[in-house]
Amino acid sequence: MENVKEQEVDWGTQLQKRIKEVLGKSLHIRHVDSGSCNGCDFEMSTLTNPIYDIQRFGIDFVASPRHADMLMVTGGVTRHLEEALRKTYSSAANPKMVVAIGACACGGGIFGETYANHGGVDKIVPVYVYVPGCPPRPQAMIEGILLALDQYEKLSKRKGAMAVES
Ligand code: SF4
């Protein structure tokens, strides 16, 4: 039990430190369901429950994409929800970090690619990080958030270097 608690504090500290280093503020996430069975959504909802309580580390889920730095997308994209995903992405604030949550969002999962389903979030919008699993555990989602911050940092440095070179 003690080990679990120590690990929780460790990833929490890591999250808080990386968010501050990379963004210099708190991280705001908009959850987008683009056609999931709701399994991934239930797992994601545990991130703010009293066990994980990620809000204490400077993360919040927001209702508007205009307030969001990151989109966490669940479900392969159904044709019915394709437009909603496109609009949410275009409304999101920069840097528009997209994290695909679960096998369906990563590549179609059990629904695959059909007349009704695109088969993965990257068919519609650019994805920073893929978190596999059906559904993935909340710990894997936290790892995905950390990887997205790393990816954003790398891209920002590359853009900075290109601006200096040109
Ligand atoms: S990955 Fe699994 S749990 Fe998540 S939306 Fe697909 S079928 Fe549901």
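The residues of the chain are indexed from 1 along the displayed sequence. Counting convention: from 1, in listed order, for ligands and their atoms alike. Values below: every heavy atom of this structure, side chains too, minus hydrogens, waters and symmetry copies.
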Q) Looking at ligand 1, does Gly133 have a heavy atom less than 4.0 Å from it? A) yes

Q: Just jot down the side-chain hydrogen bond (donor to acceptor under 3.5 Å, both in side chains) partners of Lys25, sequence neighbours excluded, or say none.
A: Asp69

Q. Looking at residues at least two apart in the chain, or sitting in another chain, which of them share a side-chain hydrogen bond (donor to acceptor under 3.5 Å, both in side chains) with Glu43?
A. none

Q: Sorted by first residue and then second, give each salt bridge (Lys or Arg N to Asp or Glu O under 4.0 Å) pair with at least one member in residues 110-138; sequence neighbours left out.
A: Glu113-Lys123

(Q) With 2.8 Å as the threshold, which protein atoms of type N, O or S lie near atom 8 (Fe) of ligand 1? Leave waters out. (A) Cys37 SG

Q. So, do Tyr128 and Met70 sit near enough that their side-chain heavy atoms are less than 4.5 Å apart?
A. no

Q: For Asn117 and Thr78, test the side chains for any donor-to-acceptor distance below 3.5 angstrom and give the result as yes or no.
A: no

Q. In terms of the angle between their ring planes, are Trp11 and Phe57 parallel, tilted or perpendicular, with boundaries placed at 30° and 60°?
A. perpendicular

